[in-house]
Structure formats: structure tokens, C-alpha cells
Amino acid sequence: MQSLIFWGNLLRTLRREHHLTQAELGEILHTSRQNYSNLETGRTQPTAEQIAILSHIYDKDLIQYVINNMPVEYVAEQQEFKYNMNHYVENRKSERTSDGKRRKKEVGIPYMTDSAIDLSMFER
């Protein structure tokens, strides 16, 4: 699964709905038309500043829009990862001895791969 969000289709659709050109948006974002075109084609990803400016121009929370339109599998994967991280943290808190010192136990930290969560460290 691709980990980067593809902004191109969203940016192109919004630009056309608002009857703007790539050159006009490049000027607003203080970049060239070519650099803006790269955002729409997916060659580059927008910066946080660019997302904020575009959100203001289009009067739309682009981050929330993207989250709401993510594939269900990706959202489920993120929720599962968050659950596993919370579970890991709670287990680490309970690994303290009665005098407050941490027990000597090696526990791996869960991490995301490109396509899925590595859950092997949670198996017993």
C-alpha cells in the first residue's frame, strides 16, 4: 500500500471548480506554474503551509477531507496501529517493580511497514 496521500486529483478538481489556472495558484503559493503542476501530477507533495493556504482559498478543510475519503483499509490499519501502540505503552507502564524501577525486559516497539503493521512481536 502506498503510504503517501495522493493530493493531485483533489487539487486539480478544486482548482477547476474555482476556475483557477495552475499559474494563478502558483503565484498565490509563491511558486512556479510548473511546481504547482507537480503537485497535481503527484511528483511532489504539498507542504503544510501550502495545504493551509489552499484550505483558506477553497474554504475547505483539506486535511479532514482527505482523511474522510481515505480507503477503509488504510483507516482500519491506522486505527489498529494506534490500538497496538496504546496497548504497548500500557504494558510498559505495568512492567515496573514495586519500588518503581523498570524491570529488565527487552520489548520491541511496534512499527508500520509500507503495507501493514508488523504484529509478530505481540504474538506469544
Side-chain angles (χ1 to χ4, degrees):
M1 178 186 284
Q2 180 70 17
S3 61
L4 293 176
I5 297 169
F6 184 71
W7 290 88
N9 293 335
L10 172 62
L11 296 178
R12 183 178 299 111
T13 300
L14 288 170
R15 177 178 59 80
R16 289 178 176 166
E17 286 176 2
H18 287 80
H19 308 288
L20 295 168
T21 66
Q22 290 180 341
E24 290 170 328
L25 282 169
E27 187 176 325
I28 291 168
L29 296 174
H30 304 288
T31 189
S32 68
R33 183 215 53 85
Q34 183 63 42
N35 285 341
Y36 184 80
S37 174
N38 288 340
L39 294 175
E40 287 190 1
T41 59
R43 288 187 196 103
T44 60
Q45 297 290 310
T47 65
E49 181 183 15
Q50 290 171 330
I51 294 169
I53 292 168
L54 292 169
S55 291
H56 180 72
I57 290 169
Y58 297 136
D59 195 28
K60 180 182 256 129
D61 183 351
L62 296 181
I63 298 291
Q64 194 59 49
Y65 179 84
V66 168
I67 290 170
N68 290 342
N69 290 289
M70 280 184 176
V72 174
E73 308 84 41
Y74 185 78
V75 174
E77 179 182 309
Q78 296 301 312
Q79 290 172 343
E80 184 177 357
F81 179 74
K82 183 178 178 182
Y83 170 80
N84 289 329
M85 283 302 294
N86 289 336
H87 181 71
Y88 169 80
V89 169
E90 289 304 313
N91 283 342
R92 293 295 289 196
K93 286 180 184 176
S94 66
E95 290 177 4
R96 296 197 180 270
T97 60
S98 58
D99 62 358
K101 293 183 179 177
R102 184 174 290 282
R103 288 188 192 147
K104 300 265 185 185
K105 181 179 177 186
E106 292 296 321
V107 178
I109 297 174
Y111 61 92
M112 295 284 298
T113 63
D114 282 343
S115 61
I117 300 170
D118 182 7
L119 299 177
S120 62
M121 62 193 66
F122 293 108
E123 298 173 359
R124 292 189 184 247

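Throughout, numbering of the chain's residues begins at 1 and tracks the sequence.
Counting only heavy atoms from C-beta outward, the side chains of Leu54 and Leu25 approach each other to under 4.5 Å. Counting heavy atoms from C-beta on, the side chains of Asn35 and Thr44 never come closer than 4.5 Å.
Atom CD of Gln50 and atom CD1 of Ile57 lie 10.5 Å apart (nearest 0.5 Å). Note that the CD1 atom of Ile53 and the CD atom of Glu49 stand 4.5 Å from one another [nearest 0.5 Å]. Atom CD of Glu27 is separated from atom CG of Leu20 by 11.5 Å, given to the nearest 0.5 angstrom.
The ring-ring contact (aromatic ring centres under 6.0 Å, His included) pairs that include a residue from residues 18-39 are His18-Tyr58, where partners are two or more places apart or lie in different chains.
Across all non-hydrogen atoms, the minimal contact from Leu62 to Ile51 is CD1-O, 4.0 Å. Gln22 and Glu40 get closest at one heavy-atom pair: NE2-OE1, 2.9 Å. Taking every heavy atom of both residues into account, Thr41 and Arg12 meet most closely at N-NH2, 4.1 Å. Shown here for Gln45 and Leu39, the closest heavy-atom pair between the two residues is C-CD2, 3.6 Å.
Under the 3.5 Å distance criterion, the side-chain polar atoms of Arg33 are left unmatched by any main-chain donor or acceptor of Gly26.
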